[in-house]
Protein chains: 2
Amino acid sequence: MTVADEATDAGQPRRRSPSMADVAREAGVSGQTVSRVSTGRPNVDEDTRNRVLAAMRKLGYRPNSAARALRSGHFRNLGVIMFTLSSFGNMRTLDSIAVAAAAAGYSITLIPVQHPTQGEVTVAFSRLSEQAVDGVMIIIEAHALDEADIELPPGLPVVVVDSSARYQYPVVDTDQAEGARLATEHLLDLGHHTVWHISGPVHSYSAERRRNSWAETLAAHGRPVPDVIVGDWSSDAGYRAGLELAARPEVTAIFAANDQMALGVLRALHERGRAVPGDVSVVGFDDMEESKSFWPPLTTVHQSFEEVGRHTVSQLIEEIEGAPPSSVSVLVPTELVVRASSGPAPRHPITDA
Amino acid sequence: MTVADEATDAGQPRRRSPSMADVAREAGVSGQTVSRVSTGRPNVDEDTRNRVLAAMRKLGYRPNSAARALRSGHFRNLGVIMFTLSSFGNMRTLDSIAVAAAAAGYSITLIPVQHPTQGEVTVAFSRLSEQAVDGVMIIIEAHALDEADIELPPGLPVVVVDSSARYQYPVVDTDQAEGARLATEHLLDLGHHTVWHISGPVHSYSAERRRNSWAETLAAHGRPVPDVIVGDWSSDAGYRAGLELAARPEVTAIFAANDQMALGVLRALHERGRAVPGDVSVVGFDDMEESKSFWPPLTTVHQSFEEVGRHTVSQLIEEIEGAPPSSVSVLVPTELVVRASSGPAPRHPITDA
DNA sequence: TGGACTCATGTTTACGTGAACATAGCCCGA
DNA sequence: TCGGGCTATGTTCACGTAAACATGAGTCCA
């Protein structure tokens, strides 16, 4: 080991990681040849390539991504803007985004937004524009962004997930309307006269679309559309709504806008002694891991967060890598999962007012 | 197409984003002064600073993080290595890591690992070392890493979360042992003769520590230690274990290693007609959002993922910013949350074999 | 009043990489 | 046999930034 690196052995272990130049020297080639090997170019002699690879291994060479990015102008890195304490579903989506991105050779930078205020979001965006990202995914369900003059670096590709369709960007989302329709029709098919709905918060587009679809489905079947109870996705809100509905004997079918609220509804119904599904049927939305273990196991609408994540990444990367900025939106289909929380309407249903 | 530059006309003025030099020209100062303003150095005349800031705004200048990183040698970016489809708790931890990092001016890069095989993990690490990170957090509960010759760039700061303490790196984790002790003693205090345990998977350190602490606590009170039932954190596994335990009349107290398995236990007990907590008391671990809406609301051990995330980030940043590589580990305390799923032992408990 | 300060600002340079261009050896067909 | 084209490799340079050093103007006290 007569190499210069180790020369400073005594005091400071030479910390600087080896550069292309070091490898070039070691392998007896030019830096450019190292670069060619490093980026997998074909026009390098097999012999030379092996010599370079050996030198890389020997020195523990790792390409410097900063220099690479500076030179080439792209980072192989995607930004994800997301609310903190985000919903279960968004987390699943994030997860599949990370996997899909890694598979495509991209990494993921997380930009958390704490509060859905315009200011916070704008800050996140401006922080983002200093970040080394080639594109951005926005997973923010709130209306808050609607009128925002979102200041993104011009030309930065963006894909929006689970949010307003009013953006100028392509949107990937679960087919919320289809899911809500499936849930509602399932209950009607079981003979229920109508279906009560516990909705997600007003600022959420997903909630809005599920709510609209539920109402439209009832109307299409000529059924009365009961007043909506607005929740906030939490099981607590579901519980409160459930208490309210449990007190009304005419309620026989409840469609909660997510599984957590459905869980709260189940608890309220149990507490009030109303049998599920004997007296009241309950259907949720999401099909979270735990739903099949609720008591009783929950009938719900399955949505594929994995698919949403995959589509989002592929759409974004496509745009980054030169495809024309498509404004095509993707709707991922849903599926009704029938379990034990829904059943035929009671023999003598009290038709409502 | 003639020239590839921005000289082009109609549609896309292929605009390179403005650099320091552009701002300097606009403001009539040197690039170095722009740099000083950009990095917030104090020694710039107020007047000049304003002129520069105005020029930045006018041109829409954003510092180029790649160049900055290349020049300064650090990225203000932290890597998180994490399993996909990670547990609810890990997601919460990730969330609070992202927030804490953002507050400290760092961003987060997610490196997902798909399978807990040695190969996959090694790949993730090597991918990481090409990444632009100043430090790494590892959130992997598996033993898999134990004997791994994890090849990390030497000198890269690392903090491990929720995993083996056998690493050479500092560890931040919930005080699993305390939590399991609290749960077990709570049940003993209620008069139960002993406590059955449904454990997490064998490869998990968290599971191991909870299991050990449960057994030690029973032993310390001179109680028999029943055979452990091993689950996999899922509510399904809890359900299966619950069916098994429901069939044994001597079982009056169950401590599940997480809330999801506890949920499955509750379902099994309901199905078998065993009253909770009348016949059987159930305690979980995690205190997830939904646990208070279980039927009945679940007594469980609260752990603060937020605190774990905060400690992890601050420990890592401390080391990055020059503190000596501390090997100090942090244990975040837990708290017992008593709800309705646990109660006094039945009047005539059948003392076990 | 002069010289040793301080402080704002400018000039030069290097960080590691890869595109563009340059060169040298080789093959192949006319 | 020659020249054109091909391949492997080398040389030069710029990407945008910030550290190091340089400069010049003002300040303060002996």
Side-chain angles (χ1 to χ4, degrees), chain A residues 5 14-53 55-56 59-77 129-134 153, chain B residues 3-6 14-53 55-56 59-77 129-132 134 153:
Chain A
D5 300 20
R14 186 72 224 127
R15 259 299 141 256
R16 197 188 99 263
S17 57
S19 73
M20 268 185 13
D22 301 316
V23 176
R25 203 173 313 115
E26 175 73 24
V29 297
S30 75
Q32 185 54 48
T33 297
V34 177
S35 169
R36 281 190 264 257
V37 171
S38 170
T39 52
R41 293 292 156 66
N43 52 339
V44 178
D45 190 77
E46 204 48 36
D47 206 45
T48 311
R49 182 187 304 276
N50 288 334
R51 219 165 59 242
V52 171
L53 287 174
M56 284 178 170
L59 300 182
Y61 168 77
R62 296 288 170 198
N64 178 317
S65 65
R68 205 167 246 195
L70 174 60
R71 184 68 187 102
S72 69
H74 62 263
F75 305 89
R76 299 199 74 77
N77 187 33
S129 58
E130 299 183 19
Q131 291 305 328
V133 295
D134 302 311
Chain B
V3 191
D5 286 307
E6 70 259 23
R14 182 69 233 124
R15 252 201 311 168
R16 187 181 49 86
S17 60
S19 73
M20 267 185 17
D22 300 317
V23 175
R25 203 173 311 115
E26 175 73 24
V29 298
S30 75
Q32 184 54 49
T33 297
V34 176
S35 170
R36 281 190 265 256
V37 172
S38 169
T39 52
R41 294 290 156 66
N43 52 339
V44 178
D45 190 77
E46 203 51 33
D47 206 43
T48 311
R49 181 186 305 275
N50 289 332
R51 219 165 59 243
V52 171
L53 288 173
M56 285 179 171
L59 300 181
Y61 169 77
R62 296 290 170 197
N64 178 317
S65 66
R68 204 168 247 193
L70 174 60
R71 180 65 200 147
S72 69
H74 62 266
F75 306 88
R76 299 198 75 75
N77 186 32
S129 58
E130 298 183 18
Q131 290 306 328
D134 302 311

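Small disclaimer: the values here were computed from a predicted structure and weren't measured. Only this structure's heavy atoms are used, side chains among them; waters, hydrogens and symmetry mates stay out. Letters A, B, ... mirror the listed sequences (proteins, then strands); counts begin at 1.
Look at A/T33 and you'll find a side-chain N or O under 4.0 angstrom from OP1 or OP2 of D/dG10.
Residue A/R68 has its side chain nearest to C/dG18 when only C/dG18, C/dT9, D/dA18 are considered. The side chain of A/N43 lies closest to D/dT9, out of D/dA18, D/dT17, D/dT9.
The environment of B/D47 atom CG is sparse: at most 12 non-hydrogen atoms of other residues, nucleotides or ligands sit within 6.0 angstrom.
A distance of 13.0 Å separates CG of A/L70 from CZ of A/R68, quoted to the nearest 0.5 Å. Taking OG of A/S17 as the start and OH of A/Y61 as the end, the distance is 9.0 Å to the nearest 0.5 Å.
Between the two ends of the helix from C/dT1-D/dA30 to C/dA30-D/dT1, each summarised by a five-pair axis, the helix axis turns through 40° (rounded to 10 degrees).
For the pair B/E46 CD and C/dA8 C1', the computed distance is 13 Å after rounding to whole Å. Distance A/R71 CZ to D/dT12 P: 16 Å, rounded to the nearest Å. In this entry the distance linking CG of B/L70 with P of D/dA19 reads 13 Å, nearest Å. When rounded to the nearest whole Å, the span between CG of B/N64 and P of C/dC15 equals 18 Å. Separating the CZ atom of B/R51 from the C1' atom of C/dT9 is a distance of 11 Å, rounded to the nearest angstrom. The CZ-C1' distance, from A/F75 to C/dG16, rounds to 15 Å in whole Å. Protein atom NE2 of A/H74 is 15 Å distant from nucleotide atom P of C/dT17, rounded to whole Å. Look at CZ on B/R36: it is 10 Å from P on D/dA19, rounded to the nearest Å.
Across all strands shown, B/T48 has heavy atoms under 4.0 Å from sugar-phosphate atoms exclusively, and none from any base. Here A/T39 lies in heavy-atom contact (under 4.0 Å) with sugar-phosphate atoms only. Looking at heavy-atom distances under 4.0 Å, B/S35 makes contact with a base. Note on B/D45: only backbone sugar-phosphate atoms sit closer than 4.0 angstrom, heavy atoms only; bases stay farther off. Within 4.0 Å (heavy atoms only), A/R49 reaches no atom of the nucleic acid at all.
The shortest distance between side-chain heavy atoms of B/S38 and B/M56 falls below 4.5 Å. Between B/S35 and B/M20 the shortest side-chain heavy-atom distance falls below 4.5 Å.
Side-chain contact, A/R36 with A/T48: no donor N or O sits under 3.5 Å from an acceptor N or O.
Of the two residues contacting DNA chain C, namely B/P42 and B/A67, the nearest-nucleotide position lying further toward the 5' end is that of B/P42.
Closest approach of A/R49 to A/R41, counting heavy atoms only: NH2-O, 2.8 Å. The shortest non-hydrogen separation linking B/G31 to B/A24 is N-CB, 3.7 Å.
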Practice prompt. Evaluate side chain to side chain donor-acceptor pair (under 3.5 Å) for B/T33 paired with B/R51, printing each intermediate quantity in order.
Written response: CA-CA 11 Å; B/T33 297; B/R51 219 165 59 243; over 6 Å; no
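Under the side-chain contact (heavy atoms from CB on, under 4.5 Å) test applied with A/V37, the options A/V29, A/V23, A/L53, A/N50 reduce to a single match, A/L53.
Residues from residues 19-32 of chain B placing a heavy atom under 4.0 Å of any atom in DNA chain D, listed by number, are B/S19, B/M20, B/Q32.
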